[in-house]
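Report on one structure; see the data block that follows.
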Amino acid sequence: MANRLLGVISALPEELAHLSDLSGEQSLIGGLPFWRGRIADRDAVFVESGAGKVNAAIATTLLLDRFDCRALMLCGVAGGLDPALGVGDVVVGIGNTQHDYGVLKEDSFLTIQPGSRPSLGEDPTPGYPLAGPLAARLREALTGLVLEPLPETVGAGRRTPAIHFGTILTGDIFVNSERTRQRLHAEFKAQAVEMEGGAVAQVAHRWGADIPVVNVRCLSDLAGAESHLDFRAFLAVAARYASQVAHRLAPVI
Ligand code: ADE
């Protein structure tokens, strides 16, 4: 747990802004900036990975191999898939699935476990579930945490964001389509979609089943036709809520 060096991955600078003071030793590897620092009294290495699965896989490999991190946390924003959720709600992943690795048939797409051979008859439940004891520690750590209402200035009303545990999808696609949002939600029963978590989980799994990966995402948009506009409007505030939750979780990963 807390004595393992924690690697913290965010795609964008806005997502890292509230996580560390970025004052620790810095290095640039493969064009990716890494910083040593602390989060919630825990030693950590932070990386700004850039968006997408390949960037996330490079960042994760370096955290595990060069920095010897033995626990990982993603922190940032996501698009909401579940119509019950709103902008500002935070989803902590209890499982991560890559929705875009699979077999494209004439009229459908079959998702399979990333890295597995794309022949038919694959495991019908691809993904990387969070271990039960870790999920219990995360829930416990968030007990009593109440997020403050969204600021008036962001234009989403004064609703108070809630924290959910749910499935997070990953793909090399910014979802900007109501039809796709509905399909992803119906097919995977997932709460949120982003572009890195499933790749981090895939790399960590290859390193060893005992490397925990915790994914903390605040909804910047609802993945529909307006998601590109909402993403821009809510990125900064959503990143702040995600980092508040991440600070509570870092000690128990
Ligand atoms: N990250 C934030 N919003 C997203 C969206 N709509 N699709 C994919 N990744 C996202």
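Any value given below was found using the heavy atoms of this structure, including those in side chains, with hydrogens, waters and symmetry copies removed. Indexing begins at 1, ligand by ligand and atom by atom, following the structure's order. Computed from a predicted structure; not experimentally measured.
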Starting from atom 10 (C) of ligand 1, which protein heavy atom do you reach first, and at what distance in Å? V193 O, 3.6 Å
With a 4.0 Å heavy-atom cut-off (strictly under), which part of A78 contacts ligand 1: side chain, backbone, both or neither? backbone
If you compare all heavy atoms of R38 against all heavy atoms of S20, which two are closest, and at what distance to 0.1 Å? O-CB, 4.4 Å
Do D210 and R4 come within less than 4.5 Å of each other through their side chains, counting heavy atoms only? yes
Please report whether ligand 1 has a polar contact with M195, defined as an N or O pair separated by less than 3.5 Å (distance criterion only). no
Can you list the ligand 1 atoms lying under 4.0 Å from a non-hydrogen atom of S220? 2 (C), 3 (N)
Would you mind listing which atoms of ligand 1 come within a distance below 4.0 Å of any non-hydrogen atom of E194? 9 (N)
Could you check whether E194 and N215, counting side-chain N and O atoms only, form a donor-acceptor pair closer than 3.5 Å? yes
Of all the non-hydrogen atoms in the protein, which one sits nearest to atom 8 (C) of ligand 1, and at what distance? I173 O, 3.4 Å
Which of the ligand 1 atoms, numbered from 1, are nearer than 4.0 Å to a heavy atom of D221: 2 (C), 3 (N), 4 (C), 5 (C), 6 (N)
Side-chain heavy atoms under 4.5 angstrom apart, residues restricted to Ile, Leu, Val, Met, Phe, Trp, Tyr: same cluster for V200 and L63? yes
Do E140 and R137 meet the salt-bridge criterion of a basic N to acidic O distance under 4.0 Å? no
Residues D68 and R70 bridged, charged N to O under 4.0 Å: yes
So if I count the atoms of ligand 1 from 1 in the order they appear, which ones are less than 4.0 Å from some heavy atom of V175? 5 (C), 6 (N), 7 (N), 8 (C)
Taking only non-hydrogen atoms of N176, do any sit less than 4.0 angstrom from ligand 1? no
Kindly work out whether a path of hydrophobic side-chain contacts (I/L/V/M/F/W/Y, heavy atoms less than 4.5 Å apart) joins L12 to V216. no
